[in-house]
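Here is how names work: the chains are called A, B, and so on, in the same order as the sequence lines, proteins then strands, and each is numbered from 1.
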Number of protein chains: 2
Amino acid sequence: MKPLRIATVNVNGIRAAYKRGMDQWLAGRDVDILCLQEVRAPDAVVRELLGDSWHLLHAEAEAKGRAGVAIASRIEPSATRSSIGEPYFDTSGRWVEADFKVNGSSLTVVSAYVHSGDVGTPKQDDKYRFLDVMEARLPALAAESDHVLVVGDLNVGHTERDIRNWKGNLKKAGFLPEERAYFDRFFGDGVGYVDVHRALSGDVDGPYTWWSWRGKAFDNDTGWRIDYHLATPGLAAAALEATVDRAPSWDTRFSDHAPVVVDYSL
Amino acid sequence: MKPLRIATVNVNGIRAAYKRGMDQWLAGRDVDILCLQEVRAPDAVVRELLGDSWHLLHAEAEAKGRAGVAIASRIEPSATRSSIGEPYFDTSGRWVEADFKVNGSSLTVVSAYVHSGDVGTPKQDDKYRFLDVMEARLPALAAESDHVLVVGDLNVGHTERDIRNWKGNLKKAGFLPEERAYFDRFFGDGVGYVDVHRALSGDVDGPYTWWSWRGKAFDNDTGWRIDYHLATPGLAAAALEATVDRAPSWDTRFSDHAPVVVDYSL
DNA sequence: CCTACTAAG
DNA sequence: CTTATTAGG
(Lines give C-alpha, C1' and ligand atoms only; values in the text may rest on other atoms or scores of the structure.)
Protein backbone atom coordinates (compact mmCIF):
# COMPACT_ATOMS: atom_id res chain seq x y z
CA MET A 1 0.00 0.00 0.00
CA LYS A 2 1.33 3.45 -0.98
CA PRO A 3 1.97 5.50 2.14
CA LEU A 4 0.04 8.68 2.88
CA ARG A 5 2.26 11.72 2.40
CA ILE A 6 1.41 14.65 4.64
CA ALA A 7 3.26 17.95 4.39
CA THR A 8 3.11 21.10 6.47
CA VAL A 9 4.59 24.45 5.58
CA ASN A 10 4.24 28.02 6.74
CA VAL A 11 4.20 29.71 3.32
CA ASN A 12 4.48 33.28 4.68
CA GLY A 13 2.04 34.57 2.05
CA ILE A 14 0.98 32.02 -0.56
CA ARG A 15 1.19 34.62 -3.35
CA ALA A 16 4.84 35.33 -2.58
CA ALA A 17 5.52 31.59 -2.16
CA TYR A 18 4.15 30.85 -5.64
CA LYS A 19 6.23 33.65 -7.11
CA ARG A 20 9.26 31.97 -5.57
CA GLY A 21 8.46 28.55 -7.00
CA MET A 22 6.24 26.78 -4.48
CA ASP A 23 4.43 25.17 -7.42
CA GLN A 24 7.67 23.46 -8.48
CA TRP A 25 8.11 22.04 -5.01
CA LEU A 26 4.51 20.78 -4.97
CA ALA A 27 4.83 19.26 -8.43
CA GLY A 28 7.89 17.31 -7.37
CA ARG A 29 6.57 15.97 -4.06
CA ASP A 30 3.30 14.11 -4.74
CA VAL A 31 1.74 15.22 -1.45
CA ASP A 32 -1.61 13.72 -0.38
CA ILE A 33 -2.49 16.16 2.38
CA LEU A 34 -0.95 19.64 2.34
CA CYS A 35 -1.26 21.77 5.46
CA LEU A 36 -0.53 25.47 5.13
CA GLN A 37 -0.04 28.29 7.61
CA GLU A 38 0.26 32.03 7.10
CA VAL A 39 -1.65 31.79 3.84
CA ARG A 40 -2.26 35.56 4.02
CA ALA A 41 -4.59 35.71 1.04
CA PRO A 42 -8.33 35.69 0.29
CA ASP A 43 -9.97 32.33 -0.32
CA ALA A 44 -10.45 32.97 -4.05
CA VAL A 45 -6.74 33.64 -4.50
CA VAL A 46 -5.77 30.41 -2.72
CA ARG A 47 -8.15 28.35 -4.88
CA GLU A 48 -6.82 30.00 -8.02
CA LEU A 49 -3.20 29.29 -7.10
CA LEU A 50 -3.67 25.69 -5.94
CA GLY A 51 -5.89 24.74 -8.88
CA ASP A 52 -8.89 22.45 -8.85
CA SER A 53 -7.10 19.19 -8.08
CA TRP A 54 -7.45 19.75 -4.33
CA HIS A 55 -10.21 19.66 -1.77
CA LEU A 56 -9.55 22.88 0.11
CA LEU A 57 -10.37 23.78 3.68
CA HIS A 58 -9.26 27.30 4.39
CA ALA A 59 -9.77 29.49 7.45
CA GLU A 60 -8.94 33.11 6.75
CA ALA A 61 -8.18 35.56 9.52
CA GLU A 62 -10.58 38.41 10.08
CA ALA A 63 -7.71 40.86 9.56
CA LYS A 64 -6.90 41.05 5.85
CA GLY A 65 -3.50 39.67 4.87
CA ARG A 66 -2.84 38.09 8.28
CA ALA A 67 -2.40 34.47 9.39
CA GLY A 68 -4.75 32.01 7.65
CA VAL A 69 -4.46 28.20 7.73
CA ALA A 70 -5.56 25.58 5.23
CA ILE A 71 -5.71 21.87 4.54
CA ALA A 72 -5.59 20.90 0.88
CA SER A 73 -6.19 17.22 0.27
CA ARG A 74 -6.36 14.88 -2.67
CA ILE A 75 -8.99 12.83 -0.80
CA GLU A 76 -12.19 14.44 0.37
CA PRO A 77 -12.62 15.03 4.12
CA SER A 78 -15.65 13.44 5.75
CA ALA A 79 -15.98 16.43 8.07
CA THR A 80 -14.25 19.75 8.68
CA ARG A 81 -14.13 22.26 11.55
CA SER A 82 -12.46 25.61 11.96
CA SER A 83 -12.62 26.14 15.70
CA ILE A 84 -10.11 25.10 18.32
CA GLY A 85 -12.97 25.26 20.81
CA GLU A 86 -12.60 28.82 22.01
CA PRO A 87 -14.63 31.48 20.16
CA TYR A 88 -11.94 34.11 20.77
CA PHE A 89 -9.72 32.31 18.24
CA ASP A 90 -12.43 31.45 15.70
CA THR A 91 -11.66 34.38 13.41
CA SER A 92 -7.89 34.33 13.89
CA GLY A 93 -7.07 31.96 11.00
CA ARG A 94 -4.98 29.68 13.22
CA TRP A 95 -6.71 26.30 13.46
CA VAL A 96 -8.59 23.99 11.07
CA GLU A 97 -9.50 20.33 11.47
CA ALA A 98 -10.35 17.83 8.75
CA ASP A 99 -11.51 14.24 9.29
CA PHE A 100 -10.59 11.55 6.76
CA LYS A 101 -11.35 7.88 6.34
CA VAL A 102 -8.16 6.03 5.42
CA ASN A 103 -8.22 2.27 4.90
CA GLY A 104 -11.06 1.86 7.35
CA SER A 105 -9.54 4.02 10.07
CA SER A 106 -10.51 7.55 11.01
CA LEU A 107 -7.82 10.21 10.79
CA THR A 108 -8.14 13.79 11.99
CA VAL A 109 -5.63 16.25 10.56
CA VAL A 110 -5.14 19.73 12.07
CA SER A 111 -3.31 22.64 10.49
CA ALA A 112 -2.25 24.95 13.32
CA TYR A 113 -0.54 28.30 13.49
CA VAL A 114 0.41 29.29 17.02
CA HIS A 115 1.04 32.98 17.74
CA SER A 116 4.67 34.01 17.49
CA GLY A 117 4.39 35.88 20.78
CA ASP A 118 6.43 38.75 22.14
CA VAL A 119 7.54 38.86 25.76
CA GLY A 120 5.88 41.59 27.78
CA THR A 121 3.12 42.29 25.27
CA PRO A 122 -0.49 41.13 24.85
CA LYS A 123 0.74 38.91 22.00
CA GLN A 124 2.38 36.67 24.56
CA ASP A 125 -0.85 36.43 26.56
CA ASP A 126 -2.70 35.41 23.40
CA LYS A 127 -0.04 32.77 22.72
CA TYR A 128 -0.41 31.23 26.19
CA ARG A 129 -4.18 31.37 25.92
CA PHE A 130 -4.03 29.58 22.56
CA LEU A 131 -1.62 26.96 23.90
CA ASP A 132 -3.97 26.44 26.89
CA VAL A 133 -6.89 25.72 24.59
CA MET A 134 -4.69 23.55 22.38
CA GLU A 135 -3.61 21.53 25.41
CA ALA A 136 -7.25 20.80 26.11
CA ARG A 137 -8.12 20.11 22.49
CA LEU A 138 -5.38 17.54 21.84
CA PRO A 139 -6.70 14.79 24.15
CA ALA A 140 -10.29 15.55 23.11
CA LEU A 141 -9.35 14.95 19.46
CA ALA A 142 -7.47 11.77 20.37
CA ALA A 143 -10.62 10.46 22.02
CA GLU A 144 -12.67 11.01 18.86
CA SER A 145 -10.52 9.50 16.07
CA ASP A 146 -8.38 6.41 15.58
CA HIS A 147 -5.51 8.69 14.58
CA VAL A 148 -4.86 12.38 15.07
CA LEU A 149 -2.15 14.46 13.43
CA VAL A 150 -1.64 18.08 14.45
CA VAL A 151 0.82 19.81 12.15
CA GLY A 152 1.90 23.36 11.67
CA ASP A 153 3.95 26.27 12.81
CA LEU A 154 3.75 25.96 16.59
CA ASN A 155 6.24 28.80 17.16
CA VAL A 156 7.98 27.07 20.07
CA GLY A 157 11.25 25.16 20.07
CA HIS A 158 10.89 22.29 22.52
CA THR A 159 14.45 21.37 23.49
CA GLU A 160 17.98 22.68 23.14
CA ARG A 161 18.33 20.50 20.03
CA ASP A 162 15.52 22.39 18.36
CA ILE A 163 17.25 25.78 18.19
CA ARG A 164 20.73 26.51 16.93
CA ASN A 165 21.40 29.39 19.32
CA TRP A 166 19.39 28.15 22.28
CA LYS A 167 21.49 29.91 24.93
CA GLY A 168 20.86 33.28 23.33
CA ASN A 169 17.12 32.71 23.13
CA LEU A 170 16.23 31.55 26.64
CA LYS A 171 14.38 34.80 27.26
CA LYS A 172 12.90 35.15 23.79
CA ALA A 173 9.40 34.22 22.70
CA GLY A 174 9.63 30.79 21.10
CA PHE A 175 12.06 29.28 23.60
CA LEU A 176 10.74 30.45 26.98
CA PRO A 177 10.67 27.76 29.71
CA GLU A 178 6.95 28.35 30.16
CA GLU A 179 6.33 27.75 26.45
CA ARG A 180 8.55 24.67 26.31
CA ALA A 181 6.67 23.23 29.29
CA TYR A 182 3.53 23.04 27.14
CA PHE A 183 5.40 20.73 24.79
CA ASP A 184 6.66 18.61 27.68
CA ARG A 185 3.00 18.09 28.49
CA PHE A 186 1.92 17.54 24.85
CA PHE A 187 4.47 14.73 24.69
CA GLY A 188 3.88 13.46 28.23
CA ASP A 189 1.55 10.75 29.48
CA GLY A 190 -1.38 13.10 30.08
CA VAL A 191 -1.77 14.34 26.52
CA GLY A 192 0.19 11.55 24.89
CA TYR A 193 1.24 12.91 21.48
CA VAL A 194 4.49 12.06 19.75
CA ASP A 195 6.91 14.50 18.10
CA VAL A 196 7.13 12.49 14.88
CA HIS A 197 10.23 14.04 13.36
CA ARG A 198 12.18 13.93 16.63
CA ALA A 199 11.18 10.30 17.15
CA LEU A 200 12.48 9.40 13.69
CA SER A 201 15.62 11.52 13.70
CA GLY A 202 16.71 10.76 17.26
CA ASP A 203 18.65 13.03 19.57
CA VAL A 204 20.39 15.22 17.00
CA ASP A 205 20.56 18.99 16.44
CA GLY A 206 17.57 20.07 14.36
CA PRO A 207 16.62 19.52 11.64
CA TYR A 208 15.49 23.13 11.69
CA THR A 209 12.41 24.31 9.82
CA TRP A 210 12.63 28.09 10.06
CA TRP A 211 15.42 30.57 9.40
CA SER A 212 15.19 34.36 9.58
CA TRP A 213 15.37 36.10 6.22
CA ARG A 214 17.93 38.42 7.78
CA GLY A 215 21.63 38.03 7.20
CA LYS A 216 23.02 34.58 6.41
CA ALA A 217 20.78 32.65 8.83
CA PHE A 218 19.68 30.18 6.16
CA ASP A 219 23.13 29.61 4.66
CA ASN A 220 24.63 29.11 8.12
CA ASP A 221 21.67 26.93 9.19
CA THR A 222 21.04 29.20 12.15
CA GLY A 223 17.49 27.94 12.45
CA TRP A 224 14.67 26.83 14.71
CA ARG A 225 12.66 23.61 14.60
CA ILE A 226 9.20 25.09 15.22
CA ASP A 227 7.17 23.29 12.54
CA TYR A 228 5.93 19.93 13.81
CA HIS A 229 4.00 16.78 13.15
CA LEU A 230 2.34 15.85 16.47
CA ALA A 231 0.78 12.42 16.15
CA THR A 232 -1.13 10.05 18.39
CA PRO A 233 1.09 7.03 19.18
CA GLY A 234 -0.42 4.59 16.70
CA LEU A 235 -0.01 7.06 13.86
CA ALA A 236 3.48 8.01 14.98
CA ALA A 237 4.44 4.33 14.84
CA ALA A 238 3.29 4.29 11.21
CA ALA A 239 5.61 7.15 10.22
CA LEU A 240 8.16 5.84 7.74
CA GLU A 241 10.28 8.87 6.97
CA ALA A 242 10.38 12.56 7.81
CA THR A 243 12.11 15.22 5.73
CA VAL A 244 12.64 18.96 5.90
CA ASP A 245 12.64 20.15 2.29
CA ARG A 246 15.48 22.61 2.30
CA ALA A 247 18.69 23.12 0.34
CA PRO A 248 20.71 21.26 -0.69
CA SER A 249 18.04 18.58 -1.33
CA TRP A 250 15.50 21.17 -2.49
CA ASP A 251 16.85 24.34 -4.00
CA THR A 252 13.69 26.43 -4.14
CA ARG A 253 13.33 28.45 -0.93
CA PHE A 254 9.84 29.82 -1.27
CA SER A 255 9.29 30.82 2.36
CA ASP A 256 11.26 31.51 5.52
CA HIS A 257 9.93 28.13 6.70
CA ALA A 258 10.71 24.85 4.93
CA PRO A 259 8.11 22.08 4.43
CA VAL A 260 8.12 19.14 6.82
CA VAL A 261 7.04 16.07 4.86
CA VAL A 262 6.21 12.72 6.50
CA ASP A 263 5.09 9.45 4.93
CA TYR A 264 2.64 7.41 7.00
CA SER A 265 1.92 3.72 6.21
CA LEU A 266 -1.72 3.70 7.16
CA MET B 1 34.12 74.59 -24.92
CA LYS B 2 32.47 71.42 -23.63
CA PRO B 3 28.69 71.95 -23.41
CA LEU B 4 26.88 71.82 -20.09
CA ARG B 5 24.81 68.65 -19.86
CA ILE B 6 21.66 68.99 -17.77
CA ALA B 7 19.38 66.03 -17.11
CA THR B 8 16.01 65.77 -15.42
CA VAL B 9 14.28 62.60 -14.33
CA ASN B 10 11.44 61.63 -12.07
CA VAL B 11 13.06 58.59 -10.41
CA ASN B 12 9.86 57.41 -8.68
CA GLY B 13 11.82 56.44 -5.56
CA ILE B 14 15.59 56.74 -5.85
CA ARG B 15 16.13 53.49 -3.94
CA ALA B 16 14.04 51.54 -6.43
CA ALA B 17 15.70 53.39 -9.32
CA TYR B 18 19.17 52.36 -8.14
CA LYS B 19 18.02 48.77 -7.77
CA ARG B 20 16.94 48.92 -11.39
CA GLY B 21 20.24 50.27 -12.64
CA MET B 22 20.04 54.05 -12.45
CA ASP B 23 23.75 54.07 -11.55
CA GLN B 24 24.58 52.47 -14.92
CA TRP B 25 22.65 55.18 -16.72
CA LEU B 26 24.42 57.92 -14.73
CA ALA B 27 27.84 56.34 -15.32
CA GLY B 28 27.25 56.32 -19.07
CA ARG B 29 25.93 59.85 -19.44
CA ASP B 30 28.49 62.28 -17.95
CA VAL B 31 25.83 64.65 -16.63
CA ASP B 32 26.91 68.01 -15.17
CA ILE B 33 23.65 68.97 -13.46
CA LEU B 34 21.20 66.23 -12.49
CA CYS B 35 17.69 67.25 -11.48
CA LEU B 36 15.56 64.67 -9.70
CA GLN B 37 11.90 64.46 -8.77
CA GLU B 38 10.01 61.97 -6.60
CA VAL B 39 13.18 61.12 -4.73
CA ARG B 40 11.04 59.59 -1.95
CA ALA B 41 13.91 58.95 0.43
CA PRO B 42 15.61 60.59 3.41
CA ASP B 43 18.51 62.90 2.71
CA ALA B 44 21.10 60.49 4.12
CA VAL B 45 19.93 57.75 1.75
CA VAL B 46 20.19 60.04 -1.26
CA ARG B 47 23.71 61.11 -0.35
CA GLU B 48 24.75 57.49 0.19
CA LEU B 49 23.37 56.41 -3.21
CA LEU B 50 24.75 59.31 -5.25
CA GLY B 51 28.16 59.21 -3.64
CA ASP B 52 30.40 62.15 -2.74
CA SER B 53 31.19 63.34 -6.26
CA TRP B 54 28.11 65.62 -6.29
CA HIS B 55 27.06 68.84 -4.64
CA LEU B 56 23.57 67.95 -3.49
CA LEU B 57 20.59 70.21 -2.92
CA HIS B 58 17.67 68.15 -1.73
CA ALA B 59 14.22 69.22 -0.51
CA GLU B 60 12.40 66.38 1.19
CA ALA B 61 8.65 66.40 1.63
CA GLU B 62 7.27 66.61 5.14
CA ALA B 63 5.39 63.36 4.54
CA LYS B 64 7.85 60.46 4.66
CA GLY B 65 8.39 58.67 1.38
CA ARG B 66 6.51 61.25 -0.70
CA ALA B 67 7.66 63.62 -3.43
CA GLY B 68 11.11 65.16 -2.85
CA VAL B 69 13.17 67.07 -5.43
CA ALA B 70 16.92 67.50 -5.78
CA ILE B 71 19.65 69.12 -7.83
CA ALA B 72 22.95 67.26 -7.90
CA SER B 73 25.73 69.16 -9.59
CA ARG B 74 29.36 68.62 -10.40
CA ILE B 75 29.93 72.37 -9.95
CA GLU B 76 29.07 74.09 -6.70
CA PRO B 77 26.03 76.39 -6.66
CA SER B 78 26.63 79.96 -5.58
CA ALA B 79 23.21 80.03 -3.88
CA THR B 80 20.30 77.68 -3.26
CA ARG B 81 16.64 78.10 -2.32
CA SER B 82 13.86 75.64 -1.62
CA SER B 83 10.78 77.81 -1.78
CA ILE B 84 8.65 78.60 -4.79
CA GLY B 85 7.52 81.70 -2.94
CA GLU B 86 4.41 80.36 -1.24
CA PRO B 87 4.87 78.93 2.30
CA TYR B 88 2.07 76.39 1.73
CA PHE B 89 4.39 74.50 -0.66
CA ASP B 90 7.61 74.90 1.33
CA THR B 91 7.42 71.45 2.93
CA SER B 92 5.97 69.66 -0.08
CA GLY B 93 9.29 68.62 -1.67
CA ARG B 94 8.32 70.05 -5.06
CA TRP B 95 10.63 72.98 -5.85
CA VAL B 96 14.33 73.75 -5.44
CA GLU B 97 16.44 76.44 -7.04
CA ALA B 98 20.21 76.55 -7.47
CA ASP B 99 22.23 79.44 -8.88
CA PHE B 100 25.44 78.77 -10.80
CA LYS B 101 28.13 80.86 -12.40
CA VAL B 102 28.95 79.46 -15.84
CA ASN B 103 31.56 81.16 -18.03
CA GLY B 104 30.79 84.52 -16.51
CA SER B 105 27.01 84.25 -16.82
CA SER B 106 24.53 83.51 -14.05
CA LEU B 107 22.35 80.44 -14.46
CA THR B 108 19.46 79.49 -12.21
CA VAL B 109 18.35 75.86 -12.37
CA VAL B 110 15.04 74.70 -10.87
CA SER B 111 13.99 71.10 -10.21
CA ALA B 112 10.18 71.08 -10.09
CA TYR B 113 7.59 68.44 -9.37
CA VAL B 114 4.05 69.62 -10.11
CA HIS B 115 1.17 67.74 -8.44
CA SER B 116 -0.33 64.99 -10.56
CA GLY B 117 -3.81 66.24 -9.76
CA ASP B 118 -7.13 64.43 -9.79
CA VAL B 119 -10.26 66.03 -11.20
CA GLY B 120 -12.87 66.82 -8.58
CA THR B 121 -10.57 66.39 -5.60
CA PRO B 122 -8.49 68.78 -3.46
CA LYS B 123 -5.42 67.47 -5.30
CA GLN B 124 -6.55 69.34 -8.39
CA ASP B 125 -6.95 72.56 -6.38
CA ASP B 126 -3.41 72.16 -5.05
CA LYS B 127 -2.15 71.61 -8.59
CA TYR B 128 -3.77 74.84 -9.85
CA ARG B 129 -2.52 76.72 -6.83
CA PHE B 130 1.03 75.48 -7.47
CA LEU B 131 0.81 76.36 -11.17
CA ASP B 132 -0.44 79.81 -10.19
CA VAL B 133 2.58 80.39 -7.98
CA MET B 134 4.87 78.93 -10.63
CA GLU B 135 3.44 81.29 -13.23
CA ALA B 136 4.40 84.18 -10.98
CA ARG B 137 7.81 82.74 -10.11
CA LEU B 138 8.98 82.16 -13.70
CA PRO B 139 9.24 85.82 -14.78
CA ALA B 140 10.64 86.76 -11.36
CA LEU B 141 13.48 84.26 -11.84
CA ALA B 142 14.09 85.47 -15.39
CA ALA B 143 14.56 88.98 -14.06
CA GLU B 144 17.22 87.83 -11.60
CA SER B 145 19.57 85.69 -13.71
CA ASP B 146 21.10 85.80 -17.18
CA HIS B 147 19.68 82.36 -17.82
CA VAL B 148 16.96 80.32 -16.14
CA LEU B 149 16.19 76.67 -16.65
CA VAL B 150 13.15 75.10 -14.99
CA VAL B 151 13.14 71.34 -15.43
CA GLY B 152 11.11 68.54 -13.97
CA ASP B 153 7.94 66.56 -13.98
CA LEU B 154 5.33 69.23 -14.65
CA ASN B 155 2.52 66.67 -14.91
CA VAL B 156 0.79 68.44 -17.82
CA GLY B 157 0.94 67.61 -21.49
CA HIS B 158 0.88 70.87 -23.42
CA THR B 159 -0.40 69.97 -26.88
CA GLU B 160 -1.94 67.06 -28.74
CA ARG B 161 1.56 66.06 -29.82
CA ASP B 162 2.56 65.58 -26.20
CA ILE B 163 0.19 62.71 -25.41
CA ARG B 164 -0.29 59.56 -27.44
CA ASN B 165 -3.98 59.16 -26.59
CA TRP B 166 -4.90 62.83 -26.30
CA LYS B 167 -8.56 62.38 -27.29
CA GLY B 168 -9.13 59.93 -24.46
CA ASN B 169 -7.53 62.23 -21.90
CA LEU B 170 -9.25 65.56 -22.54
CA LYS B 171 -11.05 65.27 -19.21
CA LYS B 172 -8.20 63.73 -17.26
CA ALA B 173 -5.79 65.51 -14.96
CA GLY B 174 -2.64 66.16 -16.96
CA PHE B 175 -4.38 67.19 -20.18
CA LEU B 176 -7.22 69.45 -19.03
CA PRO B 177 -7.70 72.64 -21.11
CA GLU B 178 -7.27 74.71 -17.97
CA GLU B 179 -3.93 73.02 -17.20
CA ARG B 180 -2.70 73.31 -20.80
CA ALA B 181 -3.55 77.03 -20.75
CA TYR B 182 -0.88 77.55 -18.07
CA PHE B 183 1.69 76.24 -20.55
CA ASP B 184 0.35 78.47 -23.31
CA ARG B 185 1.12 81.32 -20.95
CA PHE B 186 4.53 79.94 -19.83
CA PHE B 187 5.52 79.88 -23.50
CA GLY B 188 3.75 83.12 -24.41
CA ASP B 189 5.08 86.67 -24.52
CA GLY B 190 4.13 87.47 -20.93
CA VAL B 191 6.25 84.77 -19.24
CA GLY B 192 8.52 84.11 -22.20
CA TYR B 193 9.99 80.66 -21.59
CA VAL B 194 10.83 78.16 -24.31
CA ASP B 195 9.94 74.46 -24.38
CA VAL B 196 13.48 73.38 -25.26
CA HIS B 197 12.79 69.86 -26.41
CA ARG B 198 9.80 70.88 -28.53
CA ALA B 199 11.82 73.69 -30.10
CA LEU B 200 14.57 71.25 -31.05
CA SER B 201 12.39 68.35 -32.17
CA GLY B 202 9.82 70.37 -34.08
CA ASP B 203 6.17 69.56 -34.58
CA VAL B 204 6.32 65.77 -34.11
CA ASP B 205 4.50 63.31 -31.83
CA GLY B 206 6.34 63.11 -28.53
CA PRO B 207 8.98 62.26 -27.67
CA TYR B 208 7.19 60.98 -24.57
CA THR B 209 8.83 60.92 -21.16
CA TRP B 210 6.38 58.94 -19.03
CA TRP B 211 4.59 55.64 -19.55
CA SER B 212 2.32 53.90 -17.06
CA TRP B 213 3.76 50.75 -15.52
CA ARG B 214 0.45 49.07 -16.31
CA GLY B 215 0.00 46.84 -19.31
CA LYS B 216 2.24 47.34 -22.35
CA ALA B 217 2.21 51.15 -22.27
CA PHE B 218 6.00 51.39 -22.51
CA ASP B 219 6.43 48.78 -25.25
CA ASN B 220 3.64 50.39 -27.29
CA ASP B 221 5.01 53.89 -26.55
CA THR B 222 1.64 54.93 -25.17
CA GLY B 223 3.21 57.78 -23.27
CA TRP B 224 2.99 61.41 -22.18
CA ARG B 225 5.55 64.19 -22.59
CA ILE B 226 5.25 65.74 -19.14
CA ASP B 227 8.93 66.15 -18.23
CA TYR B 228 10.30 69.42 -19.55
CA HIS B 229 13.21 71.78 -19.89
CA LEU B 230 11.73 75.30 -19.76
CA ALA B 231 14.44 77.82 -20.63
CA THR B 232 14.71 81.54 -20.99
CA PRO B 233 15.21 82.41 -24.69
CA GLY B 234 18.95 82.99 -24.61
CA LEU B 235 19.54 79.66 -22.92
CA ALA B 236 17.10 77.88 -25.22
CA ALA B 237 19.06 79.21 -28.20
CA ALA B 238 22.17 77.59 -26.71
CA ALA B 239 20.56 74.14 -26.57
CA LEU B 240 22.44 71.82 -28.92
CA GLU B 241 20.63 68.53 -28.55
CA ALA B 242 17.80 67.04 -26.48
CA THR B 243 17.30 63.33 -25.83
CA VAL B 244 14.84 61.16 -23.97
CA ASP B 245 16.87 58.24 -22.62
CA ARG B 246 14.58 55.33 -23.28
CA ALA B 247 14.80 52.01 -25.11
CA PRO B 248 16.07 51.20 -27.61
CA SER B 249 18.92 53.72 -27.12
CA TRP B 250 19.04 53.05 -23.36
CA ASP B 251 17.93 49.64 -22.19
CA THR B 252 17.76 50.26 -18.45
CA ARG B 253 14.27 51.42 -17.50
CA PHE B 254 14.78 52.45 -13.91
CA SER B 255 11.61 54.52 -13.47
CA ASP B 256 8.24 55.02 -15.11
CA HIS B 257 9.71 58.33 -16.36
CA ALA B 258 12.72 58.52 -18.68
CA PRO B 259 15.49 61.12 -18.30
CA VAL B 260 15.40 64.20 -20.53
CA VAL B 261 18.99 65.21 -21.27
CA VAL B 262 19.94 68.47 -22.96
CA ASP B 263 23.38 69.86 -23.86
CA TYR B 264 23.73 73.63 -23.57
CA SER B 265 26.67 75.49 -25.14
CA LEU B 266 27.05 78.16 -22.52
C1' DC C 1 14.71 40.99 5.91
C1' DC C 2 10.23 39.68 4.07
C1' DT C 3 4.89 39.79 3.70
C1' DA C 4 0.67 42.16 2.84
C1' DC C 5 -1.91 46.63 3.54
C1' DT C 6 -2.56 51.35 2.34
C1' DA C 7 -2.24 55.75 0.02
C1' DA C 8 -0.37 57.85 -3.80
C1' DG C 9 0.93 58.07 -8.45
C1' DC D 1 1.43 48.34 -11.85
C1' DT D 2 4.88 50.41 -8.88
C1' DT D 3 6.54 53.20 -4.94
C1' DA D 4 7.20 53.80 0.08
C1' DT D 5 4.80 53.34 4.65
C1' DT D 6 3.06 50.61 8.28
C1' DA D 7 2.31 46.59 11.26
C1' DG D 8 3.44 41.99 11.87
C1' DG D 9 6.46 38.20 11.60
Donor-acceptor pair, side chain of A:N169 and main chain of A:K172, under 3.5 angstrom:
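Side chain of A:N169 to backbone of A:K172: no pair is present.
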
Please confirm whether the backbone N or O of A:N220 pairs with a side-chain atom of A:R164, one donor and one acceptor, at under 3.5 Å?
yes

Mate of C:dA8 where both pairing distances stay under 3.5 Å, Watson-Crick or G-U:
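D:dT2 - that is the nucleotide pairing with C:dA8, both distances being under 3.5 Å.
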
Nucleotide opposite D:dG8 in a Watson-Crick or G-U pair, distances under 3.5 Å
C:dC2

Rounded to the nearest angstrom, tell me the gap between atom [atom1] in [X] and atom [atom2] in [N].
X	N	atom1	atom2	result
B:D118	C:dG9	CG	P	9 Å
A:N10	C:dT3	CG	C1'	11 Å
A:M22	C:dT3	CE	P	14 Å
A:W213	C:dC2	CH2	C1'	7 Å
A:E38	C:dC1	CD	C1'	14 Å
A:W210	C:dC1	CH2	C1'	10 Å
B:W224	C:dG9	CH2	P	14 Å
A:Q37	C:dT3	CD	P	17 Å

Aromatic centroids of A:H158 and A:Y182 separated by under 6.0 Å
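No.
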
A:R15 has a side chain; which of C:dT3, C:dA7, C:dC5 sits nearest to it?
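Out of C:dT3, C:dA7, C:dC5, the nucleotide with an atom closest to A:R15's side chain is C:dC5.
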
Distance below 4.0 Å between A:K64 side-chain N/O and C:dT6 OP1 or OP2
yes

DNA chain C nearest-nucleotide lookup for B:N155 and A:A41: closer to the 5′ end is A:A41

Nearest-nucleotide 5' precedence on DNA chain C, B:R214 against A:G65:
A:G65

Using a cut-off of 4.0 Å on non-hydrogen atoms, how would the nucleic acid contact of [X] be classed: base, sugar-phosphate, or nothing?
X	result
A:R20	sugar-phosphate
B:N12	sugar-phosphate
B:S116	sugar-phosphate
B:Y113	sugar-phosphate

Using the six-membered ring of A:W211, assess whether NZ or CZ of A:R246 lies under 6.0 Å from its centre and within 45 degrees of the ring axis.
yes

B:R253 NZ/CZ over B:W213 ring centroid, <6.0 Å and within 45° of normal:
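Satisfied, under 6.0 Å and within 45°.
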
Can a side-chain donor-acceptor contact be found between A:W224 and A:D162 if the only test is distance below 3.5 angstrom?
no

Any Lys/Arg nitrogen of A:D195 or A:R225 sitting under 4.0 Å from an Asp/Glu carboxylate oxygen of the other?
yes

Decide, yes or no, whether a salt bridge links A:D184 with A:R180 under the criterion of side-chain N to carboxylate O below 4.0 Å.
no

On DNA chain D, reading 5' to 3', which nucleotide is the first and which the last to sit with an atom under 4.0 Å from a heavy atom of chain B, could you check?
D:dC1 to D:dT6

